[in-house]
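Just follow the structure's listing: the first ligand is 1, and inside any ligand the first atom is 1. These numbers were taken from a predicted model, which means no experiment stands behind them.
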Amino acid sequence: MEQGIIENLINELTKLPGIGRKTAQRLAFFILTMSDEDAKGIAKAISEVKDRARFCRECFNITDKEICGICSSSARDRETICVVEEPSNILVIERSKGFDGLYHVLLGTLSPIDGFTPDKLKMSELVERVRKNSIKEVIVATNPNTKGEMTAQYIRELLKPFPVRVTRIAYGLPIGGDIEFADEVTLGKSLEGRREI
Ligand SMILES: [Zn+2]
């Protein structure tokens, strides 16, 4: 029985990315030594995120409300939208403190070969926001790889009919890389050095 419950925890932990059997074992035995409060705090946070997390109706960031904290903040510049591929990219850009506008999450990147056509992404929602809210600048912060570039060019074309400046963040980031792994300073500089596309 005792073997059963710890074995079960190890199996569950191996479902996480980057966690092999050995690491899972170490984590499982570490969790055993944690205080009740700490261990249950982890379980509760996982359960809450699954129960309450949803997409912001405006920008498709992850939130537990209808409209996320960034979209509902009065301190943000509401005429600039930074377009990212995934909600996790917002966390990285926020940490860089180089941006105080709004975001728009595409929930993916263009890749027709894998079935990621524009209608599978939040493209028409972006156009709607630009059209309705007199947006002055759209900064495209998709990843510096082929799909990210293709996505940026597509957005450029899509927004041609509107009087909006479309820029792409300058990459001091390695080409073919992922903004997920960029440090805050590099990302802050990429935002500063953005250029028109
Ligand atoms: Zn939002």
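With hydrogens and angles left out, the side-chain atoms of Thr117 and Asp119 include a donor and acceptor closer than 3.5 Å.
For the residue pair Ile93 and Ala141, the shortest heavy atom distance occurs at CD1-CB, 4.2 Å. Scanning both residues, Ile31 and Ala39, for their nearest heavy atoms gives CG2-CB, 4.2 Å.
Protein nitrogen, oxygen and sulfur atoms, that is N, O or S, within less than 2.8 Å of the Zn ion (ligand 1) amount to 4.
The pair Glu7-Arg21 meets the salt-bridge criterion, with a side-chain N (NZ, NE, NH1 or NH2) lying under 4.0 Å from an Asp/Glu carboxylate O. Salt bridge annotation for Glu94-Arg76: present, with a cationic side-chain nitrogen under 4.0 angstrom from a carboxylate oxygen.
Heavy atoms of other residues, nucleotides or ligands lying less than 6.0 angstrom from CD of Glu196 number more than 12.
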